[in-house]
Amino acid sequence: MSDTSSVAYGSHASGRSYLVEGGRYSGILSWLLTTDHKRIAILYLISVLALYFVGITLGVLMRLELLTPGETIVKAQTYNAMFTLHGVIMIFLFVIPAVPAIFGNFCLPILIGAKDVAFPRINLMSWYLYIGGAMIAVIALFTGGGPPDTGWTFYAPYSLRTGTNVTLGVFAAFVLGFSSILTGLNFVTTIHRLRAPGMTWNRMPLFVWATYATAWVQVLATPIIGITLLLVILERFFGVGIFDPTKGGDPILFQHLFWIYSHPAVYIMILPGMGVITEIIPVFARRTIFGYKAIAYSSVAIAALGSLVWGHHMFVSGQSYTANVIFSFITFLVAIPSAIKVFNWVATLYKGSILIAPPFLFALAFIFLFSIGGLTGLMQGALSVNVHIHDTYFVVGHFHYVMFGGTAFAFFAGLHYWYPKMFGRMYSQRTATLACTIMFIGFNVFYFTMLVLGLQGMPRRYYDFLPQFQMGHTIATVGSWILVTGLIIMFANLLMGLRKGERAAADPWGGKTLEWQIPSPPPHENFEEIPVIDRGAYDYD
Amino acid sequence: MDESHTTSESSAIHRDDVGSRIGMWLFLFTELILFGGLFLLYAVYRYLHPQEFHEAAKELNVVLGAANTLILLTSSFTMVMSISYLGEGEKKKSLLALGLTIALGLAFLVNKYFEWSAKFHHGLYPNSPELAGRGQGDNLFYGLYYSMTGLHGLHVLVGVVLLSVVLIYIVKDKVTPDNFIVLDNSGLYWHLVDIIWIYLFPLFYLIT
């Protein structure tokens, strides 16, 4: 593709930037009542990050508590509430919505050459449901019997008995699930109906493929957690007895229903992140993506296989040995499409003309951290090993490698990649590189130590620990400080860029996908004329 | 149900009925899976307590259940009539059929009320001393009975409200013979409510 054609769509798009008021409403209402997918993305960005800071604060305080045995800063009950809240916030309010709701909303319509999503008003409604869910979660902290202390998994029968405010906490998760379903429903319909002329399925950017697979999982898996959580509420109000062993109910069934959603939810969390990485790698390697179809279909394969592995969370819960073997086998199978992606990313870099910039560094950090997360996941998928490391820090280390090292780093990569497009300005790339380096070091000091602690036998969710774990806990806590330092630098840099950053060009990274062919920031309607697509998404050769 | 209201600044110019229908079907999938979790629980507990489920099912009022099945099936018919009439431009007949659908939905709920009241009267409600004195299978049967028919009843109620809103839209010519996707999608929702009952009825009343 020649350089002149790459700016063709932008050159005569004279519409005002979406950041400038232009609709029916003005001031704050022009944001709160907007149906523009880009503005909704910004609403999500602000609210998701606000809750992310709460989650981080809780996490850092927990690490501080674990610096010494016994009581360091909080009592045991507070600690239980903290890890519950940390889990609920990070999972339901940060990791699940982060990439799809922010970058999915901002980029997906632009990437397929559309002016908006299929149902713009439902899109806004899902943001309000998100805010509603978040507020209910906050109310749950200060009413009833105090903050929930069950862990984010709400396992029965403890969640049915505890005097803490589980009912409201569970209801918050229910509302958030509804928000997630509506986003998924919107994206599936958008991708089916609103692709620009010539945008065939095999010309779609791979982020769109990843979002598409994710959206299906959101639609098909989330209702299961909905009904499960509703039943917990029914149990607590009316004592129906469906999960209560004293009345004939089976708590293991709760675990099944919970993980039938919550394992696919892991792929809701990671797939869009993988999509972001797939966008970034070819741009900074200046090469067409290696194995387009393999990456596209592996997203769908991950979504499909990932829906059939929930039992691997329950190897020691008392399900049958046959079930264990089957779930273990399918768990190993999921590794194949995930590995396909990793190999294809690395193959894309091979002989590429690599531009070192912050989005790319975050993407590399993602590949490294996600690989550790994936491989430690396989260790737990093996039945014999699982018994040894079940419910230890090894599990905690593993899922932080996947969720934080994976999804959150992909989110940061996407944030640095699309930032100039979203805000029309550029942050300091040197500071961003510094932040990325510090975070990468802090992350590994923190969570690799957790893996080791887990192998040594440190159980998860414990308030106290034996003296032999002191060294590990000290290192992990110091790691958390390094990590947070990096995070602070990163966010401060991004905030500074909003005011003082230099103006960004339409295509600062040399990307070939559609979002780089319209002005930064994009006009209200994205495209003056709907583009006609006549080539693949990554046309570098 | 909100998927049916798809007008927006851009789609007001660019209407997409197929898109609206895709959205509605996706929403129906989520509803099916929502109930699917309950059907799964039913299957497991029935397998674990076949005899007690058998005995407990005999206590349910088959006549009332059958009457409600008939009511809902008829209402699905009047729903289709309403859509078909509006498509032919027969606004009044369409309104009549839709009104009948709403009335039948309400009749279902009234019936349900009497059915539940009778059970409550016999001390058969969640956490009741009567159920506590019986076996665990009975407790699970009634737990599922109330959860599943309750959630279904809630859907009937939502459906009635939804159809009433659409009725007003037709009266006010917001839903017209040229643009009745909202009625169409509401009809899809109503059939879903119907079809779930078609499964609930035999599972609780007939299989003994």
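Since the structure is predicted, the reported quantities are computational estimates derived from the model, not experimental observations. Just so we're on the same page: letters track the sequence lines, and every chain starts at 1.
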Participant: Any chance the rings of A/His313 and A/Phe258 have centres within less than 6.0 Å?
Facilitator: no

Participant: Which label fits B/Tyr142 and B/Tyr146: parallel for a plane angle under 30°, tilted from 30 to 60°, or perpendicular past 60°?
Facilitator: tilted

Participant: Measure B/Leu48 against the heavy atoms of chain A and call it side chain, backbone, both or neither at under 4.5 Å.
Facilitator: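 Answer is neither: B/Leu48 stays 4.5 Å or more from chain A.
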
Participant: Only heavy atoms, only distances under 4.5 angstrom. Which residues in residues 52-62 of chain B are near chain A?
Facilitator: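 Residues qualifying by a heavy atom under 4.5 Å from chain A are absent, so none.
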
Participant: Where does A/Ile224 contact chain B at under 4.5 Å (heavy atoms): side chain, backbone, both or neither?
Facilitator: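 Both parts, backbone and side chain.
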
Participant: For this output row, return yes or no: ring centroids of B/His155 and B/Phe35 closer than 6.0 angstrom.
Facilitator: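 Centroid separation for B/His155 and B/Phe35: below 6.0 Å.
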
Participant: Considering only heavy atoms, which portion of B/Leu151 lies under 4.5 Å from any heavy atom of chain A: side chain, backbone, both, or neither?
Facilitator: side chain

Participant: With a 4.5 angstrom heavy-atom cut-off, could you sort out which part of A/Leu257 is near chain B: side chain, backbone, both or neither?
Facilitator: side chain

Participant: Would B/Phe204 and B/Trp197 count as a close aromatic pair, with their ring centres under 6.0 Å?
Facilitator: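 No, they do not, as the ring centres are separated by 6.0 Å or more.
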
Participant: Using heavy-atom distances under 4.5 Å, tell me whether A/Asp244 contacts chain B through its side chain, its backbone, both, or neither.
Facilitator: neither

Participant: For the residue pair A/Arg121 / A/Thr35, report whether a side-chain donor-acceptor contact shorter than 3.5 Å exists.
Facilitator: no

Participant: Which bit of A/Ile181 is near chain B, if near means a heavy-atom gap under 4.5 Å: side chain, backbone, both or neither?
Facilitator: side chain

Participant: Is A/Leu231 close to chain B through its backbone or its side chain, or both, or neither, when contacts mean heavy atoms under 4.5 Å?
Facilitator: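 Just the side chain, heavy atoms under 4.5 Å.
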
Participant: Can you tell me which portion of B/Tyr45 sits under 4.5 Å from chain A's heavy atoms? Options are side chain, backbone, both or neither.
Facilitator: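 B/Tyr45 touches chain A through side-chain heavy atoms alone.
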
Participant: Can a donor-acceptor pair be found, under 3.5 Å and without considering hydrogens, that links the side chain of A/Ser159 to the backbone of A/Tyr155?
Facilitator: yes

Participant: For chain B, which of A/Gly226, A/Gly184, A/Gly248 has the most heavy-atom pairs under 4.5 Å?
Facilitator: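 Most pairs with chain B among the choices: A/Gly248.
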
Participant: Measure across A/Ile110 and A/Leu514 and return the closest heavy-atom pair with its distance rounded to 0.1 Å.
Facilitator: O-CB, 3.4 Å

Participant: Please test B/Arg134 against B/Glu130 for salt bridge (Lys or Arg N to Asp or Glu O under 4.0 Å), starting from the C-alpha separation and ending with a verdict.
Facilitator: CA-CA 7 Å; B/Arg134 295 196 189 181; B/Glu130 161 77 18; 3.1 Å; yes

Participant: Could you tell me which of B/Leu144, B/Leu40, B/Leu32, B/Leu41 has the largest number of non-hydrogen atom pairs under 4.5 Å with chain A?
Facilitator: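 Result: the option with the highest number of such pairs is B/Leu41.
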
Participant: Do A/Ser17 and A/Pro523 come close enough that some side-chain heavy atom pair is under 4.5 Å?
Facilitator: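 In short, these two side chains do not touch, never coming nearer than 4.5 Å.
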
Participant: Should the pair B/His152 and B/Phe108 be assigned to parallel (<30°), tilted (30 to 60°) or perpendicular (>60°) ring geometry?
Facilitator: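 If you compare the ring of B/His152 with that of B/Phe108, the planes turn out perpendicular.
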
